[in-house]
Amino acid sequence: MQNDSTGAGQTQDQVRFVTVDENHDGQRLDNFLQLHLRGVPKSRIYRMIRKGEVRVNKKRAGPELKISEGDLVRIPPARVKESNVVIPSANLESVKGLRDAIVYETDSLVIINKPAGLAAHGGSGVSFGAVEAMRSLYGEHGYLELVHRIDRETSGCLMFAKKRSALRSLQQQFRERTVHKQYLALVRGEWSNRVKFVDAPLVKNIIESGERMVKVDEVNGAPSRTEFRIIRKYGPATLVEASPRTGRTHQIRVHCQFMTHPIAGDAKYGDRHFDEEMKKLGLRRMFLHAFRIQFEDPDTEREVTVEAPLPPELQTVLDQLGGEE
């Protein structure tokens with residue numbers, strides 16, 4: 001497939017003809033166009049299709065058309081919406097460091113131990129995220145797409161697909177809840193041995209500042225379930241393993257808050273006094289780490305378990321705490 005090298009914020013002032021490669025075989029036409037017209041509003045893309053400005057093999061096509069390898073897609077000129085999202089230089093230390101953060105890789109996918117503070121993707125005031133940084137390492141014009149997301153403040157396993165077929169397979173596994181993720185969280189107080197799971201519906205709200213907040217809402221909330229297992233008890237805190245069985249925004253963080261055991265260092269849902277005590281032990285971030293992911297390899301169909309080591313800054317806090325088994 002011809003590569004789309006036009007950056008966001010520029011005018012794509014020429015008609016382009018793009019040949020579909022194997023990575024996009026079977027993809028919907030509208031989704032294919034969004035990939036090549038980054039920053040162009042969806043409404044504009046659908047208008048192009050309706051007016052016949054987009055052609056597949058010289059013929060008009062609907063947005064739901066499944067394109068095939070070898071198809072020739074005509075992409076009309078379009079003014080791209082201004083965006084601050086960029087592909088960063090591969091020479092940046094934060095980008096080069098991601099090579100050492102790779103914990104699993106095949107011809108079809110790669111998993112990194114994402115550092116806290118790095119968003120999964122750029123946007124909303126973030127110039128670039130993990131996917132843009134990884135594209136700079138693998139080559140801006142290669143195929144690399146996020147399979148799932150984790151919060152910017154959370155570290156740990158983050159998966160990318162290197163083939164369209166792998167992306168479809170892995171995303172289907174996520175939809176069918178056959179992918180299992182485990183997180184380590186340090187929470188306030190002593191978690192009860194009797195609490196094995198939290199089943200509390202969650203709903204998203206946008207507050208006046210525009211910030212996204214999630215809360216438990218028995219009436220309007222979507223079903224949300226997280227299983228918990230105590231790893232180790234400390235004086236003022238407990239290290240727990242959290243396994244989300246649904247995929248709601250901020251699910252683990254809000255479920256811990258709901259149980260009156262907020263996660264250490266969580267600026268949005270945490271406890272200020274507890275966080276101050278943890279800062280004295282060296283905690284400078286939220287103590288939530290996606291340490292394990294289990295899935296079916298798209299190529300071999302075998303179950304794979306990948307673990308991401310606990311970052312040193314979190315291990316140091318646990319060493320400071322000491323604790324009882």
Side-chain angles (χ1 to χ4, degrees), residues 1-4 18-36 38 64-73 87 90 95-115 118-121 129-150 154-183 241 243-247 289-309:
M1 182 177 63
Q2 290 180 0
N3 292 313
D4 178 9
V18 180
T19 302
V20 178
D21 70 4
E22 62 179 353
N23 284 324
H24 298 278
D25 183 66
Q27 188 175 29
R28 281 177 55 120
L29 177 61
D30 52 357
N31 292 332
F32 181 79
L33 291 171
Q34 287 176 40
L35 177 67
H36 285 272
R38 296 183 186 276
E64 73 286 347
L65 174 73
K66 298 291 183 66
I67 56 178
S68 300
E69 182 179 359
D71 283 348
L72 185 66
V73 181
I87 299 295
V95 174
K96 289 193 293 185
L98 291 183
R99 288 197 185 278
D100 295 330
I102 295 172
V103 291
Y104 182 81
E105 185 170 15
T106 68
D107 290 339
S108 297
L109 64 97
V110 58
I111 300 174
I112 65 169
N113 187 355
K114 184 190 80 68
L118 178 64
H121 58 83
V131 66
E132 290 85 15
M134 290 294 286
R135 284 171 180 160
S136 75
L137 292 179
Y138 282 79
E140 181 181 347
H141 303 306
Y143 185 91
L144 195 77
E145 293 290 341
L146 271 174
V147 176
H148 64 112
R149 293 169 172 79
I150 58 177
T154 304
S155 56
C157 293
L158 184 62
M159 183 187 299
F160 306 86
K162 296 162 67 177
K163 296 179 180 179
R164 173 72 183 170
S165 57
L167 180 66
R168 288 197 298 263
S169 171
L170 293 165
Q171 288 186 334
Q172 181 178 356
Q173 292 181 49
F174 271 92
R175 287 193 298 270
E176 295 175 351
R177 302 297 175 197
T178 57
V179 176
H180 300 295
K181 296 186 292 181
Q182 285 85 42
Y183 293 73
E241 176 186 290
S243 304
R245 299 309 181 198
T246 51
H289 178 69
F291 83 99
R292 182 187 295 138
I293 187 168
Q294 298 162 294
F295 59 96
E296 182 183 280
D297 186 283
D299 296 326
T300 66
E301 298 185 351
R302 294 179 179 177
E303 184 175 283
V304 176
T305 299
V306 177
E307 294 190 356

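In this chain, residues are counted from 1 in sequence order.
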*Asks:* Measure the spacing between CG of Leu137 and CD of Glu132 and express it to the nearest 0.5 Å.
*Replies:*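 With rounding to 0.5 Å, CG (Leu137) is 12.0 Å from CD (Glu132).
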*Asks:* Which heavy atom in Ala133 sits nearest to a heavy atom in Val95, and how many Å separate them?
*Replies:* O-CG1, 3.7 Å
*Asks:* Show the nearest heavy-atom pair for residues Thr246 and Arg177, with the distance to one decimal.
*Replies:*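 Closest heavy-atom pair between Thr246 and Arg177: C-NH1, 4.0 Å.
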*Asks:* Which value, rounded to the nearest 0.5 Å, describes the distance between Ile111 atom CD1 and Ile293 atom CD1?
*Replies:* 5.5 Å
*Asks:* If you compare all heavy atoms of Asn113 against all heavy atoms of Ala308, which two are closest, and at what distance to 0.1 Å?
*Replies:* CG-CB, 3.5 Å
*Asks:* Any idea which heavy atoms bring Glu69 and Asp21 closest together, and the distance?
*Replies:* CG-C, 3.9 Å
*Asks:* Enter the distance from Phe160:CZ to Tyr143:OH here, rounded to the nearest 0.5 Å.
*Replies:* 13.0 Å
*Asks:* Charged N to carboxylate O under 4.0 angstrom, Arg135 versus Glu145?
*Replies:*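 Salt bridge: yes.
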*Asks:* Hey, does Met134 have a side-chain heavy atom less than 4.5 Å from the side chain of Val110?
*Replies:*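 A side-chain contact under 4.5 Å exists here.
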*Asks:* Could you give me the CA-CA distance, side-chain angles and deciding distance for Val73 and Val20, then say whether side chain to side chain contact (heavy atoms under 4.5 Å, CB included) is met?
*Replies:* CA-CA 7 Å; Val73 181; Val20 178; 3.9 Å; yes
*Asks:* Could you tell me if the side chain of Tyr183 sits less than 4.5 Å from the side chain of Ile150, heavy atoms only?
*Replies:*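 A side-chain contact under 4.5 Å exists here.
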*Asks:* Main chain of Arg28, side chain of Asn31: is a donor-acceptor contact present, judged purely on distance under 3.5 Å?
*Replies:*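 Checking the backbone N and O of Arg28 against the side chain of Asn31, no donor-acceptor pair under 3.5 Å is found.
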*Asks:* For side-chain hydrogen bond (donor to acceptor under 3.5 Å, both in side chains), just list the numbers for His180 and Arg292, CA-CA rounded to whole Å, side-chain angles, deciding distance to a tenth of an Å, and then say yes or no.
*Replies:* CA-CA 8 Å; His180 300 295; Arg292 182 187 295 138; over 6 Å; no
*Asks:* Determine whether a donor-acceptor pair (N or O, by modelled atom type, separation under 3.5 Å) exists between the side chain of Lys181 and the backbone of Gln294.
*Replies:*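 No.
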*Asks:* Under the side chain to side chain contact (heavy atoms under 4.5 Å, CB included) criterion, do Ser243 and Glu241 qualify, and how do the steps go?
*Replies:* CA-CA 7 Å; Ser243 304; Glu241 176 186 290; 3.9 Å; yes
*Asks:* Could you give the distance from CG (Asp107) to NZ (Lys163), rounded to the nearest 0.5 Å?
*Replies:*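 One finds 5.5 Å between CG of Asp107 and NZ of Lys163.
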*Asks:* Ring-plane angle category for Phe174 and His148, please: parallel below 30°, perpendicular beyond 60°, tilted otherwise.
*Replies:* parallel
*Asks:* Has Thr178 got a side-chain atom pairing as donor or acceptor with Gln173's backbone, closer than 3.5 angstrom?
*Replies:*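 Checking the backbone N and O of Gln173 against the side chain of Thr178, a donor-acceptor pair under 3.5 Å is found.
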*Asks:* Find out whether Phe32 and Val18 are in side-chain contact, i.e. whether some heavy atom of one side chain is under 4.5 Å from a heavy atom of the other.
*Replies:*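 When only atoms from C-beta onward are counted, Val18 and Phe32 do touch, with a gap below 4.5 Å.
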*Asks:* Side chain of His289, backbone of Pro309: donor and acceptor closer than 3.5 Å?
*Replies:* yes
*Asks:* Would you say Ser155 and Leu118 make side-chain contact, with heavy atoms under 4.5 Å?
*Replies:* no
*Asks:* Is the closest side-chain heavy-atom distance between Glu301 and Glu296 below 4.5 Å?
*Replies:* yes
*Asks:* When rounded to the nearest 0.5 angstrom, what is the spacing between CD in Gln27 and CG in Leu33?
*Replies:*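 The distance works out to 9.0 Å.
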*Asks:* Run Tyr104 and Met159 through side chain to side chain contact (heavy atoms under 4.5 Å, CB included) and show every step you take.
*Replies:* CA-CA 9 Å; Tyr104 182 81; Met159 183 187 299; over 6 Å; no
*Asks:* Taking the side chain as everything from C-beta on, heavy atoms only, tell me whether Asp297 gets closer than 4.5 Å to Thr106.
*Replies:*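 Yes, side chains in contact.
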*Asks:* Got a second to check how far Leu170's CG is from Arg168's CZ, nearest 0.5 Å?
*Replies:*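 Reported value, rounded in 0.5 Å steps: 11.5 Å.
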*Asks:* How close do Ala130 and Leu158 get, heavy atom to heavy atom, and via which atoms?
*Replies:* CB-CD2, 3.8 Å
*Asks:* Quick one: are Val103 and Ile112 in side-chain contact, heavy atoms under 4.5 Å?
*Replies:* no
*Asks:* Hey, does Leu144 have a side-chain heavy atom less than 4.5 Å from the side chain of Lys162?
*Replies:* yes
*Asks:* Kindly give the heavy-atom pair with the smallest separation between Leu146 and Ala120, and that separation in Å.
*Replies:* CD1-O, 3.6 Å
